[in-house]
Amino acid sequence: MDERQLRVLRELGELGSVTAVAEAMRVTPSAISQQLRLLQRAIPVPLTERDGRRLVLTAAGQALADAAIGVETALARARHAVDAFVDRPDGTVSVAAFHSGAAAFFPLLLRGLSAPGSPRLSLHDEDVAQDDFPPLTRHYDLVLAHRLDHAPAWPRTATVTPLLREPLDIALPAGHPLAARPRLTPAEVADQPWITVHDGFPLLATVEAVSAAAGRRLDIVHRVNEISVVAELVAAGGGVALMPRWTARRHPDVVLRPLDGVRARRHVDVLHRPERAARRAVRTVLGELVRAAEAVRSRGGEHEPAEPDAS
């Protein structure tokens with residue numbers, strides 16, 4: 001039995017005829033009869049009987065019709081609860097982000113959504129390989145993900161909101177001889193010791209592109225995913241590295257220089273399942289992330305030289 005069948009039975013008890021029920025529910029009498037037949041199949045005793053030319057409820061039918069009132073009431077309460085959940089402005093929204101994205105965006109989210117009645121944030125860091133970002137949308141409302149400029153697009157199963165198309169620069173110790181140059185080429189950095197990420201993580205493909213453009217294998221001496229740790233290693237003279245221009249926290253002993261000759265950019269996007277955005281609180285947080293991206297871009301890129309497209 002289902003809600004519609006129970007409603008038909010209830011209306012029959014109150015209105016007294018199939019025709020009257022059909023008019024009230026704006027369907028044909030045959031459709032009403034079909035619903036009654038389907039309901040009867042699930043019940044072991046007769047629910048209706050003939051009284052002359054009229055179809056009326058049996059005692060069992062009347063008992064089920066009375067129970068249907070409680071069912072409809074419970075369903076109405078359930079729908080109201082769902083509507084209230086969907087429209088609640090201060091509902092909890094879970095957000096996951098890769099490390100440098102979390103460092104750049106989470107503080108801005110907390111400040112931007114601090115007013116009473118704002119969504120409650122549940123923030124998480126997720127250091128995963130590029131292909132593992134879309135599956136995170138099963139567990140979080142919103143997922144900040146990054147992929148390289150030339151990498152395949154995110155799967156169509158995820159809704160994508162672009163935030164940044166961020167340049168990747170060469171990070172050098174402040175006193176390094178190459179730090180005096182305004183821009184660098186793959187050939188100039190290929191002979192340096194390198195710090196890069198583990199296999200499968202987005203920045204590695206750009207490091208490989210630098211190697212290909214220079215025509216030589218790079219000397220990778222350290223593999224570290226956490227950008228703040230990479231900055232400390234660069235500052236200590238451990239090597240050079242690729243570092244995002246806007247989302248990485250500035251280190252006083254590290255300089256960033258644009259790289260020519262390779263496509264050194266990454267996309268920073270928000271991924272989510274379409275149904276998550278039905279909630280008002282999720283849409284509010286998504287809008288705040290878009291506003292935060294403007295702040296990250298302007299804060300990080302104000303004093304950087306323009307980057308021409310790589311050939």
Side-chain angles (χ1 to χ4, degrees), residues 93-114 118-119 121-169 197 201-206 225-228 242-250 256 258 263-304 306-307 309:
V93 178
S94 58
V95 185
F98 58 96
H99 286 163
S100 60
F105 282 89
F106 284 179
L108 293 173
L109 275 184
L110 289 170
R111 296 185 187 106
L113 297 172
S114 61
S118 296
L121 294 170
S122 176
L123 305 176
H124 308 261
D125 66 325
E126 289 283 358
D127 185 35
V128 300
Q130 181 171 317
D131 291 343
D132 293 330
F133 280 112
L136 290 177
T137 59
R138 298 189 185 100
H139 310 294
Y140 301 103
D141 293 314
L142 300 171
V143 175
L144 269 73
H146 61 139
R147 66 176 181 85
L148 293 178
D149 205 12
H150 56 277
W154 300 113
R156 296 171 63 183
T157 53
T159 298
V160 180
T161 301
L163 295 181
L164 298 171
R165 189 165 176 252
E166 183 178 28
L168 303 172
D169 294 330
V197 295
F201 288 80
L203 296 186
L204 186 61
T206 299
N225 281 9
E226 172 54 56
I227 292 294
S228 62
L242 277 174
M243 192 166 290
R245 182 179 299 176
W246 299 327
T247 53
R249 181 172 296 177
R250 297 301 177 90
L256 301 182
R263 295 174 63 183
R265 292 189 184 93
R266 70 173 179 178
H267 291 260
V268 178
D269 302 315
V270 184
L271 311 182
H272 66 83
R273 294 195 165 192
E275 63 272 19
R276 303 275 188 164
R279 293 177 54 210
R280 179 179 173 184
V282 172
R283 296 194 302 273
T284 298
V285 175
L286 185 58
E288 191 62 34
L289 282 169
V290 172
R291 285 188 287 275
E294 292 297 329
V296 168
R297 184 187 294 107
S298 61
R299 180 183 64 191
E302 286 178 343
H303 306 297
E304 294 293 344
E307 180 182 13
D309 289 334

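Because the structure is predicted, anything quoted here is derived from the model rather than measured. Positions are given from 1, in the same order as the sequence printed here.
Between R273 and D141 there is no salt bridge, since no side-chain N of the basic residue sits under 4.0 Å from a carboxylate O of the acidic one. Ionic pairing of R266 and D149 is not present here: no N-O contact between side-chain nitrogen and carboxylate oxygen is shorter than 4.0 angstrom. Look at R291 and E288 and you find a salt bridge, because one of the NZ, NE, NH1 or NH2 atoms lies within 4.0 Å of a carboxylate O, short of that distance.
Within a 6.0 Å radius of CG in D127, more than 12 heavy atoms belonging to other residues, nucleotides or ligands are found.
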inquiry  = For a side-chain contact (heavy atoms from CB on, under 4.5 Å) check, start with the C-alpha distance between V296 and L108, then their side-chain angles and the critical distance, and finish with the verdict.
reply    = CA-CA 9 Å; V296 168; L108 293 173; 3.6 Å; yes
Step-by-step side-chain contact (heavy atoms from CB on, under 4.5 Å) determination, L113 to T284 = CA-CA 9 Å; L113 297 172; T284 298; 4.1 Å; yes
request  = Give the intermediate values and the outcome of side-chain contact (heavy atoms from CB on, under 4.5 Å) for residues L148 and L168.
outcome  = CA-CA 10 Å; L148 293 178; L168 303 172; 3.9 Å; yes
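Here F105 pairs with nothing under the ring-ring contact (aromatic ring centres under 6.0 Å, His included) rule; sequence neighbours left out. With sequence neighbours left out, the salt bridge (charged side-chain N to carboxylate O under 4.0 Å, His left out) criterion links E126 to no other residue.
Of all heavy-atom pairs spanning A277 and H272, the tightest one is CB-CE1, 3.7 Å. A pairwise comparison of heavy atoms in F133 and A145 identifies CG-CB, 3.4 Å as the closest pair. P258 approaches D169 most closely through the heavy-atom pair CA-OD1, 3.5 Å. For the pair P152 and Q130, the tightest heavy-atom approach, listed with the atom from each and the gap, is O-NE2, 4.4 Å. Taking both residues in full, the closest heavy atoms of V285 and P119 are given as CG2-CB, 3.8 Å, listed atom of the first, atom of the second, then distance. Of all heavy-atom pairs spanning E166 and V268, the tightest one is OE1-CG2, 4.0 Å.
Inter-residue side-chain proximity for P134 and L271 is flagged as met; some heavy-atom pair is nearer than 4.5 Å. Side-chain contact between R111 and F106 is absent, with no heavy-atom pair separated by less than 4.5 Å. Contact of the L289 side chain with the L142 side chain is registered, since non-hydrogen atoms from C-beta on lie closer than 4.5 Å. With a 4.5 Å cut-off on side-chain heavy atoms, V93 and V95 count as touching. Put simply, the side chain of M243 reaches to within 4.5 Å of the side chain of I227, judged on heavy atoms. Residues F201 and N225 meet the side-chain proximity criterion, which asks for heavy atoms closer than 4.5 Å. Inter-residue side-chain proximity for W246 and L164 is flagged as met; some heavy-atom pair is nearer than 4.5 Å.
Atoms CZ and NE2, from R165 and H267 in turn, are 5.5 Å apart once rounded to the nearest 0.5 Å. From D125, atom CG reaches atom OG of S100 across 11.5 Å, with rounding to the nearest 0.5 Å. Annotation: the span from L123 atom CG to L110 atom CG amounts to 5.5 Å, rounded to 0.5 Å.
Ring geometry, H124 versus Y140: the interplanar angle falls from 30° to 60°, so the pair is classed tilted.
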